[in-house]
Amino acid sequence: MPAKTQQPAIDGWFTTPTDGSDPKLIGVKCPRCATFVFPPRTGDCPNPACDSETLEATELSSVGTVWSYAENHYAPPPPYVAADPFEPVALAAVQMELEGLIVLGQVADGVSAADLKVGMPMKLDLGVLYSDDDHDYLVYTWAPAVASNDKEAEK
């Protein structure tokens, strides 16, 4: 059986690097006031103090800290494709390090809400939302980031 191809469940929201580099969220930035927006969209700047009518696509940073978190105990409605039977998943609102945006996302497999703490460093990762016969459909997830001094302690 040939290997499944991986593709984003939602096009244009994140990169899917094949060179070993970290994935990045794709947002937009106002060229006039530097307001960042995620998910990406078109139209006017959402900053009420700005009258720019353009937004430019930009890659966002891939690290941040937990701002809030919860554990979801019910299956979301379609178009989300939930496992059957549904298993609870942790969700984290992560404040992006450079942009200051707070981005909500599912936490990586194997990480529960009990493993999270406000202020905990997180990094962007990719996970499989669902699969069919030919494809694994990817979503961005948040995974605990191991600080460099923590890596040294693990040795």
Side-chain angles (χ1 to χ4, degrees), residues 3-30 34-43 45-47 55-132 135-155:
K4 291 184 180 187
T5 60
Q6 294 187 325
Q7 64 184 58
I10 301 173
D11 285 325
W13 282 25
F14 53 90
T15 63
T16 55
T18 57
D19 61 1
S21 61
D22 292 331
K24 303 272 188 191
L25 292 177
I26 300 170
V28 291
K29 180 180 178 182
C30 175
T35 294
F36 290 95
V37 179
F38 181 82
R41 65 180 201 155
T42 58
C45 177
N47 180 346
L55 296 169
E56 299 172 347
T58 187
E59 285 187 0
L60 304 175
S61 57
S62 59
V63 295
T65 56
V66 174
W67 183 79
S68 185
Y69 59 92
E71 194 152 286
N72 184 13
H73 288 274
Y74 62 92
Y80 184 90
V81 179
D84 187 19
F86 177 75
E87 295 183 25
V89 295
L91 304 172
V94 173
Q95 186 167 18
M96 306 292 287
E97 182 175 79
L98 298 177
E99 299 85 0
L101 283 174
I102 297 172
V103 177
L104 182 65
Q106 188 171 321
V107 177
D109 285 345
V111 180
S112 71
D115 299 322
L116 302 174
K117 292 182 172 68
V118 170
M120 179 179 191
M122 301 293 276
K123 66 176 183 153
L124 195 71
D125 202 359
L126 298 178
V128 176
L129 177 63
Y130 67 97
S131 298
D132 62 20
H135 308 288
D136 287 330
Y137 294 92
L138 304 176
V139 292
Y140 70 89
T141 61
W142 292 110
V146 178
S148 58
N149 58 351
D150 291 343
K151 289 179 184 174
E152 291 299 317
E154 289 176 1
K155 289 182 180 179

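Side-chain atoms are counted along with the backbone in the values below, which use heavy atoms only and exclude waters and symmetry mates.
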Task: Criterion side chain to side chain contact (heavy atoms under 4.5 Å, CB included) on L126 and T16, from CA distance to verdict - done: CA-CA 8 Å; L126 298 178; T16 55; 4.1 Å; yes
- [ ] Report the C-alpha separation of K4 and H135 in whole Å, then their side-chain angles, then the decisive distance to 0.1 Å, and conclude whether the side chain to side chain contact (heavy atoms under 4.5 Å, CB included) test is met.
- [x] CA-CA 5 Å; K4 291 184 180 187; H135 308 288; 5.7 Å; no
Task: Intermediate values then yes/no, side chain to side chain contact (heavy atoms under 4.5 Å, CB included), L55 and R41 - done: CA-CA 8 Å; L55 296 169; R41 65 180 201 155; 3.9 Å; yes
TODO: Tell me, with the steps shown, if I26 and T15 meet side chain to side chain contact (heavy atoms under 4.5 Å, CB included).
DONE: CA-CA 7 Å; I26 300 170; T15 63; 4.1 Å; yes
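Open room surrounds CG on D109; 12 or fewer heavy atoms of other groups in view lie less than 6.0 Å from it.
The two residues M96 and S61 make their nearest non-hydrogen contact at CE-O, 2.7 Å. Here the shortest heavy-atom pairing between G110 and D115 reads O-OD2, 3.9 Å. When every heavy atom of L116 is checked against every heavy atom of L91, the shortest pair comes out as CD1-O, 4.4 Å. In plain terms, the two heavy atoms of A9 and V139 that are nearest each other are CB-CG1, 3.9 Å. Looking at every heavy atom in both residues, V103 comes nearest to W142 through O-NE1, 3.4 Å. Across every non-hydrogen atom of E71 and A113, the tightest pair is OE1-N, 3.0 Å.
Between the side chains of D125 and T141, not a single donor N or O lies within less than 3.5 Å of an accepting N or O. In the model, D132 has a side-chain atom that pairs as donor or acceptor with a side-chain atom of Y137 under 3.5 Å. Neither side chain, E97 nor T65, offers a donor N or O lying under 3.5 Å from an acceptor on the other.
Taken to the nearest 0.5 Å, the CZ atom of F38 stands 11.0 Å off from the CD atom of E99. Interatomic distance, Y140 OH to W13 CH2, rounded to the nearest 0.5 Å: 6.0 Å. Going from atom CG of L25 over to atom OG1 of T58 covers 11.0 Å, rounded to the nearest 0.5 Å. Put simply, CG on L101 and NZ on K29 are 11.5 Å apart, with the number rounded to the nearest 0.5 Å. Between the OH atom of Y130 and the CG atom of L138 there is a distance of 10.5 Å, given to the nearest 0.5 Å. Atom CD1 in I102 sits 5.0 Å away from atom CD in Q95 (nearest 0.5 Å).
Inter-residue side-chain proximity for V37 and P46 is flagged as met; some heavy-atom pair is nearer than 4.5 Å. Residues K123 and S62 are not in side-chain contact: their nearest non-hydrogen atoms beyond the backbone lie 4.5 Å or more apart. Between S131 and V128 the shortest side-chain heavy-atom distance falls below 4.5 Å. Side-chain contact between C30 and N47: absent, with no pair of heavy atoms (C-beta onward) separated by less than 4.5 Å.
Taking F14 as the reference, nothing meets the ring pair (Phe, Tyr, Trp, His ring centres under 6.0 Å) condition, with sequence neighbours excluded.
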